[in-house]
K.L.:
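To start, I am sharing the structure in question, which I have written as structure tokens.
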Amino acid sequence: MIRIYFVFDNPLDDDGVTLSYIDVPTQEPAEAFWRVAKAAESGALWRSLYPDEDTHPYTLIECKMLYLNISTLANEQSAETTLIS
């Protein structure tokens with residue numbers, strides 16, 4: 001499991017950007033980055049973060065993504081933070 005930390009433009013935040021993370025069920029960092037970018041593009045990432053919002057005016061800043069392999073950290077993994085797409 002790879003945890004991707006990412007920054008996105010958030011027009012609803014006073015600072016204009018927000019830092020967040022999502023867990024991706026893969027062992028490959030490049031695959032995890034790709035899946036997060038595709039989920040952001042399709043809107044699935046924003047729906048997972050903000051399920052009660054109908055519009056998603058957020059933009060992923062792809063050059064600001066980092067990863068952490070959390071496969072061996074079982075207590076860090078949860079269904080609420082896992083990207084399903």
Side-chain angles (χ1 to χ4, degrees):
M1 182 81 68
I2 300 288
R3 177 165 290 167
I4 299 292
Y5 293 91
F6 59 93
V7 175
F8 59 97
D9 286 323
N10 183 351
L12 305 177
D13 188 294
D14 290 338
D15 293 330
V17 295
T18 300
L19 171 66
S20 192
Y21 69 89
I22 194 90
D23 299 332
V24 183
T26 183
Q27 295 296 320
E28 298 295 325
E31 170 73 13
F33 286 136
W34 181 83
R35 289 179 60 186
V36 170
K38 288 297 175 191
E41 184 179 300
S42 72
L45 179 62
W46 315 124
R47 284 189 295 278
S48 71
L49 292 172
Y50 304 106
D52 298 330
E53 290 186 21
D54 293 333
T55 60
H56 308 286
Y58 314 111
T59 304
L60 179 67
I61 303 171
E62 290 190 43
C63 66
K64 299 291 183 184
M65 291 194 292
L66 300 170
Y67 80 94
L68 174 65
N69 186 339
I70 61 168
S71 298
T72 60
L73 307 172
N75 293 335
E76 286 294 315
Q77 301 174 26
S78 72
E80 294 83 30
T81 62
T82 301
L83 179 65
I84 308 294
S85 70

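The analysis underlying the following values was restricted to heavy atoms, covering all of them including side chains, and did not include hydrogens, waters or symmetry mates.
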K.L.:
Write down the atom of Asn69, the atom of Met1, and the distance for their closest heavy-atom approach.
P.N.:
OD1-O, 3.2 Å
K.L.:
Indicate yes or no: at least one non-hydrogen side-chain atom of Glu31 is less than 4.5 angstrom from one of Ile2.
P.N.:
no
K.L.:
Mind checking what makes side chain to side chain contact (heavy atoms under 4.5 Å, CB included) contact with Pro51, not counting sequence neighbours?
P.N.:
none
K.L.:
As an exercise, state the distance from CG of Leu49 to OH of Tyr21, rounded to the nearest 0.5 Å.
P.N.:
10.5 Å
K.L.:
By side chain to side chain donor-acceptor pair (under 3.5 Å), which residues pair with Tyr67, not counting sequence neighbours?
P.N.:
none
K.L.:
Ser20: which residues meet the side chain to side chain donor-acceptor pair (under 3.5 Å) condition with it, sequence neighbours left out?
P.N.:
none
K.L.:
Going by ring pair (Phe, Tyr, Trp, His ring centres under 6.0 Å), name the residues that satisfy it together with Phe6, two or more places apart in sequence or in a different chain.
P.N.:
Phe8
K.L.:
Check side chain to side chain donor-acceptor pair (under 3.5 Å) between Glu28 and all other residues, then give those that pass, not counting sequence neighbours.
P.N.:
none
K.L.:
Measuring from Tyr58:OH to Leu45:CG, what's the distance to the nearest 0.5 Å?
P.N.:
10.5 Å
K.L.:
Does Leu60 belong to the same Ile/Leu/Val/Met/Phe/Trp/Tyr cluster as Trp34, with side-chain heavy atoms less than 4.5 Å apart forming each link?
P.N.:
no
K.L.:
About how many Å separate CZ of Phe33 and OG1 of Thr26, when rounded to the nearest 0.5 Å?
P.N.:
11.5 Å
K.L.:
Side-chain contact, heavy-atom cut-off 4.5 Å: Tyr5 with Val36?
P.N.:
no
K.L.:
Kindly indicate whether the side chain of Asp23, heavy atoms from C-beta on, has any atom under 4.5 Å from the side chain of Pro25.
P.N.:
no
K.L.:
Quick one: side chain to side chain donor-acceptor pair (under 3.5 Å) partners of Gln27, sequence neighbours excluded?
P.N.:
Ser71
